[in-house]
Amino acid sequence: MIRVCAVEEIPEGEAVRVESGPDGVPVAVFNVGGNYYAIDDTCSHQDASLAEGYVEEDDCAVECPLHATCFDLRTGQPSGPPARVPVRTHTVVIENGDVHVALSQATAQVA
Amino acid sequence: MTTEQTASTMQVVAVVGTGLAGLSSARALRELGFTGRIVLIGDEKHDPYDRPPLSKAFLAGEWDPAKIALGLPTDAGLDLDWRLGEQAVGLSPEGSGWVVDLEHGEGVRADGVVIATGARARKLPGQVLAGVHTLRTLDDALALKAELVPGARLVIVGGGFIGAEIASTAVMLGIDTTVVEMAPALLAGPLGDAAGAAMARIHEAHGVKVLTGVGVSGLTGESGRVAGVSLADGRSLMADVVVVGIGSVPNTEWLAGSGLTGPDGDLAGGVLTEEDGRTALPGVVATGDCTATHHPFAGRVTRQEHWTHAAQHPTQAVAVLIGAPAPVVAPAMRVPYVWSEQYGQHFQFAGHHQPGDEAEVVDGDLEDLTDPAFTVVYRREGEPVGVFGVGRPKVFGRWRRELAKRLS
């Protein structure tokens with residue numbers, strides 16, 4: 001489990017990017033209405049940082065900043081083209097006012 | 001014959017065009033449950049590939065042909081009948097369906113037809129000179145890439161998206177790069193003068209020479225190879241390589257006599273369709289760059305010749321064709337959208353801009369050239385109708401949703 005930042009460092013509707021998890025893949029942690037979600041940061045379609053995308057709070061999703069596919073932050077599933085492959089989700093643990101992420105090693109599954 | 005009747009008996013669908021819109025159509029047919037035969041007809045010999053990188057990472061030599069392939073491992077399960085390297089030359093009725101005539105080989109009989117033949121680069125009239133390029137296809141990109149050697153003098157005719165992208169790629173390769181644009185600013189058509197001027201400043205800051213407000217009167221050559229570009233004001237530019245980026249022409253000639261029409265009565269402006277891709281012919285839909293559609297956002301007939309449209313619209317069109325319910329499209333996704341990448345920065349435009357709209361900088365600074373990040377909102381009668389953003393996708397995403405309220 002890695003420490004990401006203090007809880008207050010991720011404002012609502014925003015994300016913090018963890019440059020490199022233990023497996024070398026960047027992860028993004030989002031705050032949606034006080035709930036925290038972590039997914040792989042790189043859009044599964046083309047190099048773009050999802051942490052830079054617009055957070056759709058009602059759908060608990062983030063829009064890829066480049067091509068506008070939305071990824072469900074709970075499941076990692078894309079809403080539709082161009083991305084077709086989901087991104088991995090990771091477990092977020094809040095402890096002593098800090099945000100931690102337990103990285104999943106699993107491969108994302110196509111629904 | 002109604003579309004619904006056709007759908008119930010539809011066993012063969014011909015998709016004409018193997019670019020993004022064609023491949024997306026084939027995928028969508030399967031996703032929507034079509035189990036019949038799908039014949040994909042394309043005049044290029046290459047498997048479907050993605051065009052946006054052709055003017056960027058591919059042209060820069062950072063990507064190879066494998067990386068621009070559009071095919072996915074899951075496509076193998078689609079069971080598609082490919083006719084690559086075959087040009088469609090006609091569409092005629094036969095029985096309750098259609099025949100797509102091919103230039104070589106036997107015509108393809110189909111119950112339903114998806115027209116996705118795209119568009120080709122518009123060329124300058126006159127003699128053909130070596131060293132003069134357009135950029136639309138993989139072969140175009142390979143030919144241009146071979147000539148972009150350090151020290152070469154490149155003149156780009158036309159300062160639209162394609163011209164601006166090539167300029168940004170070329171100047172980073174150490175090419176002496178000049179863009180000539182007839183309008184008062186780069187990208188002035190889609191973006192308006194103020195944002196267009198900001199774009200020109202960004203290019204100039206990276207070393208591109210930008211000449212606006214002047215047309216090109218012709219090209220000069222020596223021994224069959226281009227040597228220069230003559231401008232309408234009498235100036236001339238020396239050039240080793242010229243790229244002509246002056247728009248595109250829809251590939252619709254093959255549909256002459258089919259009964260389909262375009263927005264001005266002929267097909268030169270694209271195949272006229274409803275918003276969902278329905279054409280004037282039963283069992284025939286059209287999608288992508290070759291279409292002209294009355295778009296509810298723009299309030300008029302437009303050609304949306306952009307990647308996002310070619311990726312998203314086919315699902316709507318094939319749903320109409322096979323009589324399946326079309327997936328709901330989020331309002332924000334119905335706003336026309338185009339993106340570009342230059343100097344490693346994302347440029348995004350949504351909505352519609354026309355002369356007379358008021359442009360307001362709502363975020364950032366148009367003058368900041370070192371790390372450009374700004375958002376411009378276009379208003380008509382006080383209402384937002386368009387948004388252009390550089391380097392600020394979150395702000396852009398919020399405004400795009402604001403624009404979508406016009407549709408709900």
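Order of the sequence lines sets the chain letters (A, B, ...), proteins ahead of strands, with each chain counted from 1. In what follows, every heavy atom counts, from backbone to side chain, and hydrogens, waters and symmetry copies are set aside. All values derive from a computational prediction rather than experimental measurement.
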> Side chain, backbone, both or neither: which part of A:Glu63 has a heavy atom under 4.5 Å from chain B?
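For A:Glu63, the side chain is the part near chain B, not the backbone.
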> Which region of B:Phe396, side chain (C-beta onward) or backbone (N, CA, C, O), has a non-hydrogen atom less than 4.5 Å from a non-hydrogen atom of chain A, or is it both or neither?
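Contact with chain A: none, neither part.
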> Identify which part of B:Leu20 has an atom lying under 4.5 Å from any heavy atom of chain A, answering side chain, backbone, both or neither.
neither
> Are there over 12 heavy-atom neighbours, none belonging to B:Arg136, within less than 6.0 Å of that residue's CZ?
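It does: B:Arg136 CZ has more than 12 such atoms within range.
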> Decide, yes or no, whether a salt bridge links A:Glu14 with B:Lys394 under the criterion of side-chain N to carboxylate O below 4.0 Å.
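B:Lys394 and A:Glu14: salt-bridged.
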> Using heavy-atom distances under 4.5 Å, tell me whether B:Arg27 contacts chain A through its side chain, its backbone, both, or neither.
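The side chain, not the backbone.
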> Which pair of heavy atoms, one from B:Arg401 and one from A:Cys70, lies closest together, and at what distance?
NH2-SG, 4.3 Å
